[in-house]
Amino acid sequence: QVQLVESGGGLVQAGGSLRLSCAASGRTFSSYTMGWFRQAPGKEREFVAAINWSLGSTYYADSVKGRFTISRDNAKNTVYLQMNSLKPEDTAVYYCAAKRSGSPYYTASRYDYWGQGTQVTVSS
């Protein structure tokens, strides 16, 4: 049974940093793409970043490019999202997700597995 468990969310002031973690279990993820999405109140879930587990290729939404970094630790089966220079508009519930590599990485409906989400709140 696949499980994705996020952690690391919290309250931070604008300009601050947070690192989110996503611990993955239940299968081998070498043929998967791992993504981070976020959803703010009243808004649709949106793509943030993704990483191809085996190749290490990374992809970012324009809104976070240069501020966020996605990475993975193969030994720990964990994906990270380092978030720097946070802005109030980054406030949302952040979700980790996994899908088989090959389909668009930015489309939420393509992802097969989801974590429960972790709240990130950025105060101004």
Side-chain angles (χ1 to χ4, degrees):
Q1 181 178 353
V2 173
Q3 275 196 316
L4 303 175
V5 180
E6 302 101 331
S7 61
L11 173 64
V12 64
Q13 288 189 333
S17 298
L18 282 174
R19 189 178 79 157
L20 305 183
S21 300
C22 172
S25 62
R27 69 174 307 123
T28 301
F29 290 92
S30 57
S31 62
Y32 276 65
T33 291
M34 306 297 292
W36 285 97
F37 288 77
R38 66 187 182 186
Q39 189 166 18
K43 294 188 177 181
E44 292 188 355
R45 192 167 297 190
E46 66 172 357
F47 169 74
V48 175
I51 185 166
N52 181 298
W53 196 291
S54 59
L55 299 176
S57 309
T58 57
Y59 313 90
Y60 296 94
D62 288 343
S63 59
V64 306
K65 204 171 292 184
R67 300 188 298 123
F68 291 11
T69 302
I70 189 171
S71 62
R72 86 263 194 249
D73 184 325
N74 290 335
K76 296 183 178 180
N77 238 27
T78 299
V79 176
Y80 303 99
L81 185 67
Q82 178 66 44
M83 306 186 294
N84 299 328
S85 302
L86 282 162
K87 305 175 181 179
E89 51 263 43
D90 294 318
T91 295
V93 176
Y94 283 70
Y95 297 91
C96 175
K99 69 166 188 70
R100 289 192 179 276
S101 297
S103 58
Y105 55 83
Y106 47 81
T107 305
S109 61
R110 296 288 189 173
Y111 283 75
D112 302 303
Y113 306 103
W114 291 84
Q116 81 288 350
T118 185
Q119 176 70 47
V120 171
T121 302
V122 184
S123 63
S124 57

Visitor: Between atom OH of Tyr60 and atom CZ of Arg67, what is the distance when rounded to the nearest 0.5 Å?
Guide: 12.0 Å
Visitor: Before you tell me yes or no, could you show the steps for Val2 and Asp112 under side chain to side chain contact (heavy atoms under 4.5 Å, CB included), namely the whole-Å CA-CA distance, both residues' side-chain angles and the distance that decides it to 0.1 Å?
Guide: CA-CA 10 Å; Val2 173; Asp112 302 303; over 6 Å; no
Visitor: Would you say the side chain of Ser31 lies within less than 4.5 Å of the side chain of Ser101, judging by non-hydrogen atoms?
Guide: no
Visitor: Could you go step by step and tell me if Val120 and Met83 meet the side chain to side chain contact (heavy atoms under 4.5 Å, CB included) rule?
Guide: CA-CA 10 Å; Val120 171; Met83 306 186 294; 3.9 Å; yes
Visitor: Can you check whether Phe29 reaches Met34 side chain to side chain, under 4.5 Å on heavy atoms?
Guide: yes
Visitor: I'd like to know if the side chain of Ser109 and the backbone of Thr107 have a donor-acceptor N/O pair within less than 3.5 Å.
Guide: no
Visitor: For residues Ser17 and Gln82, determine if any side-chain heavy atom of one lies less than 4.5 Å from a side-chain heavy atom of the other.
Guide: yes
Visitor: Indicate every side-chain donor-acceptor pair of residues 42-53 with a distance under 3.5 Å to a residue at least two apart or in another chain.
Guide:
| from | atom 1 | to | atom 2 | distance (Å) |
| --- | --- | --- | --- | --- |
| Arg45 | NE | Gln39 | OE1 | 3.4 |
| Arg45 | NH2 | Gln39 | OE1 | 3.4 |
| Glu46 | OE2 | Arg38 | NE | 2.6 |
| Glu46 | OE2 | Arg38 | NH2 | 3.1 |
| Asn52 | OD1 | Ser54 | N | 3.1 |
| Asn52 | OD1 | Ser54 | OG | 3.0 |
| Asn52 | OD1 | Leu55 | N | 2.9 |
| Trp53 | NE1 | Asn74 | OD1 | 2.7 |

Visitor: State, yes or no, whether a side-chain contact exists between Phe68 and Leu81 at a heavy-atom distance under 4.5 Å.
Guide: yes
Visitor: Measuring only between side-chain heavy atoms, which start at C-beta, is Lys99 closer than 4.5 Å to Tyr113?
Guide: no
Visitor: Tell me whether Leu86 is reachable from Phe37 by hopping between hydrophobic residues (I, L, V, M, F, W, Y) whose side-chain heavy atoms are closer than 4.5 Å.
Guide: no
Visitor: Of all heavy-atom pairs between Tyr111 and Gly35, which one has the smallest distance, and what is that distance?
Guide: CE2-N, 3.7 Å
Visitor: What is the distance from atom CD of Glu89 to atom OG of Ser124, rounded to the nearest 0.5 Å?
Guide: 10.0 Å
Visitor: Taking the side chain as everything from C-beta on, heavy atoms only, tell me whether Thr118 gets closer than 4.5 Å to Val93.
Guide: no
Visitor: Without hydrogens or angle criteria, can the side chains of Arg27 and Tyr32 be said to hold a donor-acceptor pair below 3.5 Å?
Guide: yes
Visitor: Counting C-beta onward and ignoring hydrogens, is there a side-chain heavy-atom pair between Tyr94 and Gln119 closer than 4.5 Å?
Guide: no
Visitor: Restricting to non-hydrogen atoms, name the atom on Pro88 and the atom on Ala14 that form the minimum distance, rounded to 0.1 Å.
Guide: CD-CB, 4.1 Å
Visitor: When clusters are formed by joining ILVMFWY residues with side-chain heavy atoms under 4.5 Å apart, either directly or through shared neighbours, do Ile70 and Leu4 land in the same one?
Guide: yes
Visitor: Verify the neighbour count for atom OH of Tyr106: are there more than 12 heavy atoms of other residues, nucleotides or ligands below 6.0 Å?
Guide: no
Visitor: For Cys22 and Trp36, work out which heavy atoms get closest and say how close.
Guide: CB-CZ2, 3.7 Å
Visitor: Would a hydrophobic clustering, with Ile, Leu, Val, Met, Phe, Trp and Tyr connected at side-chain separations under 4.5 Å, put Tyr80 with Val5?
Guide: no
Visitor: Do Asp90 and Lys87 sit within salt-bridge range, that is, some charged N less than 4.0 Å from a carboxylate O?
Guide: no
Visitor: Would you say Val64 ends up clustered with Leu18 if hydrophobic residues are merged whenever their side chains have heavy atoms under 4.5 Å apart, either directly or through other cluster members?
Guide: yes
Visitor: Does a side-chain heavy-atom distance below 4.5 Å link Ser21 with Glu6?
Guide: no
